[in-house]
There are 2 protein chains.
Amino acid sequence: MKASVAMIEPNCHFCSDCAVRGFAVCASLDPAELREFEHLGRRVHFGSGETVFSEEDITTSFYNLLEGVMRLYKLLPDGRRQIVGFALPGDFLGMNTSGRHNFSADAIGAVTVCQFAKVPFGRFMEERPHLLRRINELAVRELSQARDHMVLLGRRAADEKLASFLLGWRLRLQSLNGVSDMVPLPMSRQDIADYLGLTIETVSRTFTKLERHGAIEIVHGGISLRDPALVEALAAA
Amino acid sequence: MKASVAMIEPNCHFCSDCAVRGFAVCASLDPAELREFEHLGRRVHFGSGETVFSEEDITTSFYNLLEGVMRLYKLLPDGRRQIVGFALPGDFLGMNTSGRHNFSADAIGAVTVCQFAKVPFGRFMEERPHLLRRINELAVRELSQARDHMVLLGRRAADEKLASFLLGWRLRLQSLNGVSDMVPLPMSRQDIADYLGLTIETVSRTFTKLERHGAIEIVHGGISLRDPALVEALAAA
DNA sequence: CGCCAAATTTGATCTGGGTCAATCGGCTTT
DNA sequence: AAAGCCGATTGACCCAGATCAAATTTGGCG
């Protein structure tokens, strides 16, 4: 939404001690490859609300999210928005066949990405099938998530949507931060609404309803799961 | 839905004169590789309504659709169904990370697939990065379609959904059969409803409404686009 | 051709979630 | 600490699409 005034950090970092080393695309590279890979990417910071790339942009870079959360979305000409996913550290963004990004991505809060120019990255991947295999694995996993999201959007009621979202989000955070009943929600109610195919009012009412039923507690910056089994029952439905 | 009594044809066919040779996964193989590849797949026929594989099945095979149309769908425990896509000749099915199919697939009308056992296919692909690249390309394209479908499900009204579906389906058929204003619809109204996140009644009413407005004509086995520009205006909206 | 079963269309009514309109509450600014 | 702002909540009302209930059409099949 805001004009990009992203800060580019002098590249004084090493892949070997990168926070996402173990589970991002680079997990497929051995130490020798990693040293070469290091020269391909540069760290870039984005502030809250800044746009990292837009739907119709020609793809010149791929991105590996290192820190923070991003919203990935598509807009209709009249401004309706559908958030197609939230990106977390370790997610790889920018693959496409058309030569253009087919969704937009903004930072939710401060974000750090590892940016790769498309051409050198493609050349590097050319002769490293295991990197391609890793990227394919990530694409196939995303495809599976996308299909789950379609079921949610097409066939679930508002309370089921919210319950599934909370559990799914918690699960993704678990692999980064460990298990907890506290679920931080860095995105706004509007973001949640646009992710679930609802309005902000319905999201707010549904949160309140879940809280009244003792399923969750709404706390500053997120929610706390009071009765995980109840929420799971709603989400399974 | 029906128990599978699929007919397995003695493998007397050659990849080189396969109908989907030019645009399926095998498009990435040279003539020598193709001869080897030939021994990996076997043609299998399915009758109308037969299930090719189910959501929770362990993946033992991949499939290349040769002839016919399939519906790909997920079910909720209470029977609600979301169709996540329709497969057409050239589509490659079965990739996943979990070891299980994450959706079910039935034949809509008679279908022929080229079935590959997972392990030998994986071994063959292992040493042919261009085949992997081709599969990745197909996955990334599907991901883009999936995101468009999310926008449709989450943010579009019934008439916009139907108009987008008709145009999208026509476009896919175009690359197989050439341009035409006649759009065959081999799937049932219920299938269309489950694809669009609507009920069968709403789909039927919306078809009638589009016909009354002179946008389409409902003909046996499909529709005819009477005013493509009008339909496009609705779909763009 | 005539009969039954299934698919589709049409009609009447209902309702979940949208729309419109106030508040509310937590930050920032001064 | 008062004012202003913005996101979130709550309330009143409405409507697109769901649900329930018939017709009507279509397709197989003896």
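Note on naming: letters A, B, ... go to the chains in the order of the sequence lines (proteins, then strands), and numbering restarts at 1 for each one. This is a predicted model, so every value here is computed, not measured.
- Between B:His220 and D:dG27, a side-chain N or O to OP1/OP2 separation shorter than 4.0 Å is present.
- Within the 4.0 Å cut-off from OP1 or OP2 of C:dT8, not a single side-chain nitrogen or oxygen of B:Ser204 is found.
- In this entry the distance linking CZ of A:Arg81 with P of C:dG18 reads 15 Å, nearest Å.
- Taking atom NZ of B:Lys161 as the reference point, atom C1' of D:dG17 lies 9 Å away to the nearest angstrom.
- In this structure, A:Arg226 places its CZ atom where only 12 or fewer heavy-atom neighbours from other residues, nucleotides or ligands lie under 6.0 Å away.
- Between B:Tyr195 and B:Tyr73, the ring center distance fails the sub-6.0 Å criterion.
- Remark: the backbone N or O of A:Pro184 is paired with a side-chain donor or acceptor of A:Trp169 at under 3.5 angstrom.
- Remark: B:Thr202 is in phosphate contact with D:dA18, judged by side-chain N or O atoms under 4.0 Å from OP1 or OP2.
- Residue B:Arg205 is the one, among B:Arg205 and A:Gly197, whose nearest nucleotide of DNA chain C lies closer to the 5' end (criterion: closest heavy atom).
- When each of C:dT8, C:dG17, D:dA8 is scored by its nearest atom to the side-chain atoms of A:Arg189, the top-ranked nucleotide is D:dA8.
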message: One pair to check against side-chain contact (heavy atoms from CB on, under 4.5 Å): B:Leu72 and B:Ile83. What are the steps and the verdict?
response: CA-CA 6 Å; B:Leu72 315 179; B:Ile83 291 187; 5.7 Å; no

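- The interatomic distance linking B:Lys209 (NZ) with C:dT9 (C1') rounds to 16 Å, in whole Å.
- Comparing C:dT8, D:dG17, D:dT26 by their nearest atom to the side chain of B:Leu198 picks out D:dG17.
- Side-chain proximity of B:Glu201 to D:dT26, D:dT19, D:dA8: nearest is D:dT19.
- For B:Ile218 and D:dT25, the CD1 to P distance is 13 Å, given to the nearest whole Å.
- Separating the CG atom of A:Leu196 from the P atom of C:dG18 is a distance of 10 Å, rounded to the nearest angstrom.
- Checked against the 6.0 Å centroid threshold, A:Phe92 and A:Tyr63 do not count as a close aromatic pair.
- The separation between B:Arg155 atom CZ and D:dG17 atom P is 13 Å, rounded to whole Å.
- Picking from D:dA8, D:dA18, C:dT10 the nucleotide with the shortest atom distance to the side chain of B:Thr208 gives C:dT10.
- If you measure from atom CZ of A:Arg212 to atom P of D:dT9, you get 12 Å, rounded to the nearest angstrom.
- One can place CG of B:Asp194 at 11 Å from P of D:dA18, the figure rounded to the nearest angstrom.
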